[in-house]
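Sending over a structure as structure tokens; questions will come in a sec.
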Number of protein chains: 2
Amino acid sequence: MTVWDRPAPPSRPVPLDRERIVAAAIALADEGGLEAVSLRKVAARLDAGPMRLYGYISTKDELFDLMVDEVQAEILPDGQPGDWREALRVLAHRTRQAALRHEWLADLLGGRPALGPNGFAVAEATLAALDGLADVDTVMRAVETVSAYVTGAIRREIANLRAERATGLSEREWQRANGPHVTRMLATGRFPALAKAVYDGTDVDAESSFATGLEWVLDAVAAKLTRPPA
Amino acid sequence: MTVWDRPAPPSRPVPLDRERIVAAAIALADEGGLEAVSLRKVAARLDAGPMRLYGYISTKDELFDLMVDEVQAEILPDGQPGDWREALRVLAHRTRQAALRHEWLADLLGGRPALGPNGFAVAEATLAALDGLADVDTVMRAVETVSAYVTGAIRREIANLRAERATGLSEREWQRANGPHVTRMLATGRFPALAKAVYDGTDVDAESSFATGLEWVLDAVAAKLTRPPA
DNA sequence: GTCTCATTCGATACACTGTATTGCTGCGTT
DNA sequence: AACGCAGCAATACAGTGTATCGAATGAGAC
């Protein structure tokens with residue numbers, strides 16, 4: 001008996017099943033971030049007392065797991081995949097889009113093993129794309145590498161996005177003009193390569209940055225798939 | 001005036017500067033995880049009232065930033081780097097080792113831009129390794145790609161490590177034998193590729209898994225560096 | 001129709017959190 | 001010697017996750 005299959009006890013006043021609880025939590029998180037999700041507020045949104053939730057959920061972390069799994073349903077592509085590369089690409093971009101829709105996902109991504117049905121489905125889709133193209137271990141390594149990149153890239157993108165929002169300025173402009181502390185540090189001359197990157201670098205948009213890095217990683221995977229395992 | 005340079009006000013009863021505060025917080029986090037870090041406990045460890053900390057730190061998130069920056073000092077290599085590839089490899093492995101020493105780092109990695117002096121130093125070391133090997137934008141993309149992989153891989157590794165510890169079993173054995181929920185899900189036949197990976201996959205240790213994925217990503221980067229920008 | 005029992009809900013309670021505010025205390029200066 | 005002020009501690013507040021428990025409300029048995 002684990003998180004994902006718990007008998008839904010009936011109730012009269014308002015049906016209130018796990019789906020409704022998770023939906024309310026997601027709505028709260030979408031509006032105010034993860035820290036805006038409290039059991040009290042979730043319950044209040046469902047016209048229930050806080051303790052009522054514990055009939056359906058046994059801890060707040062479990063609620064977070066359920067939220068992640070729910071959002072992972074959005075990641076699964078609609079149509080059937082093309083070749084393996086296209087399949088992985090689509091999965092990666094859909095993950096990113098889900099994180100942009102639900103920024104709190106970035107805080108949770110990779111933080112815990114995704115053991116829900118939709119998490120499994122995403123893992124299945126990823127593995128299935130590479131099935132048969134190499135031995136099991138190589139495929140596994142490929143999946144892990146790609147998803148590590150995806151997780152890390154999304155996390156950084158959301159982090160930067162928040163920082164920009166907090167200062168009201170674009171990351172680049174902020175480093176270049178304002179951000180007195182950063183400017184001063186760069187001016188010390190102790191970070192010449194960094195300074196060059198900041199001042200001479202082109203300001204590319206996040207999506208194409210994500211896409212470029214992803215293609216690089218996919219290139220690397222492609223090279224290992226054609227060749228037999230080391 | 002930002003987080004990283006604040007005049008240290010003197011005090012009599014016990015010196016108590018920011019370094020001591022950060023050290024105490026890190027000690028607490030090493031022992032009991034991030035959630036064990038509360039301003040009250042940090043202060044208690046320094047024989048001070050909770051409010052005393054606010055003379056040196058303006059919010060708890062700032063304390064977290066300082067903790068991350070402090071640990072990033074451990075990442076910087078001692079000697080001078082070899083070629084770019086060796087340099088990036090060492091930085092990646094040292095980051096991973098730091099995260100294994102301080103597991104809470106995984107929770108914070110990539111969650112916020114690293115703007116502290118040591119964070120800058122790590123960024124500088126990374127960029128310096130690739131300096132001149134390609135145009136600035138390509139170098140930037142390379143750095144972002146590698147560090148996205150590193151962040152994501154470390155995060156997953158720590159997450160799995162915790163899950164193993166929680167169940168007392170190795171991830172693989174757990175999926176294979178115990179973990180009734182997982183076993184049942186796999187038994188549904190809805191996840192054939194996943195089932196194959198779980199049952200037929202070799203159980204490789206985390207370090208070589210990390211290393212292998214890293215080498216793949218470095219291969220990808222190498223291919224882009226020799227070739228001029230797209 | 002009435003009684004009983006079990007279940008489920010809500011209220012209360014507890015230990016704790018981050019932080020604002022307030023007043024004291026002891027030092028340095030005039 | 002008196003004063004002012006900086007820095008610290010105590011108090012306070014709003015909020016958190018969750019355990020416990022009393023009451024009510026439902027169904028089932030006679």
Side-chain angles (χ1 to χ4, degrees), chain A residues 1 3 6-22 24-29 31-68 104 107-108 111-112 162 166, chain B residues 1 3 6-22 24-29 31-68 104 107-108 111-112 162 166:
Chain A
M1 167 102 59
V3 177
R6 190 181 300 281
S11 77
R12 208 42 34 130
V14 170
L16 185 59
D17 53 356
R18 303 172 98 218
E19 292 215 13
R20 282 171 50 81
I21 293 175
V22 172
I26 289 179
L28 275 171
E31 294 164 14
L34 251 201
E35 65 191 355
V37 178
S38 85
L39 296 183
R40 285 169 163 86
K41 287 190 227 162
V42 171
R45 205 170 253 244
L46 299 165
D47 292 317
M51 285 304 114
R52 184 121 170 259
L53 302 184
Y54 281 90
Y56 305 84
I57 276 166
S58 68
T59 191
K60 196 189 183 182
D61 281 339
E62 183 175 315
L63 176 58
F64 284 162
D65 287 345
L66 292 168
M67 290 167 67
V68 171
W104 48 270
D107 300 320
L108 264 24
R112 301 239 237 154
R162 283 173 178 157
Chain B
M1 165 103 59
V3 177
R6 190 180 301 279
S11 76
R12 210 40 38 126
V14 170
L16 186 59
D17 52 355
R18 304 173 97 216
E19 292 214 14
R20 283 171 50 81
I21 294 176
V22 172
I26 289 179
L28 277 170
E31 294 164 14
L34 251 201
E35 66 191 354
V37 178
S38 84
L39 296 184
R40 283 169 164 87
K41 286 190 229 166
V42 171
R45 206 169 251 246
L46 299 166
D47 292 317
M51 284 305 113
R52 184 119 170 260
L53 302 184
Y54 282 91
Y56 306 83
I57 276 166
S58 68
T59 190
K60 194 188 184 182
D61 282 338
E62 183 176 316
L63 176 58
F64 284 162
D65 288 344
L66 292 168
M67 291 168 66
V68 171
W104 48 269
D107 301 320
L108 264 23
R112 301 238 237 156
R162 283 174 179 158

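Chain A is the first sequence line, chain B the second, and so forth, proteins listed ahead of strands; every chain is numbered from 1.
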Atom-to-atom span, OH of B:Tyr54 to P of D:dA9 - whole angstrom: 15 Å
Donor-acceptor pair (no angle test) under 3.5 Å: A:Arg52 side chain, C:dG10 base: no
Closest to side chain of B:Lys60, choosing from C:dT17, D:dG17, D:dC8: C:dT17
Rounded interatomic separation in angstrom, taking CG from A:Asp47 and C1' from C:dC9: 14 Å
Side chain to side chain, A:Met67 and A:Trp104, heavy atoms closer than 4.5 Å: yes
Comparing A:Arg40 and A:Ala48 on DNA chain C - which has the more 5′ nearest nucleotide: A:Ala48
Rounded distance in Å - CG (B:Leu46) to P (D:dG7): 18 Å
Heavy-atom closest pair, residues B:Val37 and B:Ala25: CG2-O, 3.7 Å
Flag, side chain of B:Arg18 to backbone of B:Tyr56, donor-acceptor distance under 3.5 Å: yes
Rounded distance (Å) that lies between atom P of D:dT18 and atom CD of A:Glu62: 10 Å
A:Leu39 CG - C:dC14 P separation (whole Å): 20 Å
N or O in side chain of B:Thr59 less than 4.0 angstrom from C:dG18 OP1/OP2: no
Rounded distance in Å - CG (B:Asp61) to P (C:dT17): 16 Å
Per A:Tyr56 side chain, nearest of listed nucleotides D:dT18, C:dC9, C:dT19: C:dC9
For atom CG of A:Leu63 and atom C1' of D:dT18, their distance in whole Å: 14 Å
Side-chain donor/acceptor of B:Thr59 to backbone N/O of B:Glu62, under 3.5 Å: no
Lys/Arg-Asp/Glu bridge criterion (N-O < 4.0 Å) met for A:Glu31, A:Arg45: yes
Sugar-phosphate, base or nothing in reach of A:Val42, heavy atoms under 4.0 Å: nothing
Nearest-neighbour nucleotide for the A:Met51 side chain, D:dT20, D:dG17, C:dT17 considered: D:dT20
Minimum-distance nucleotide to B:Ser38 side chain [options: C:dG18, D:dT16, C:dT19]: C:dG18
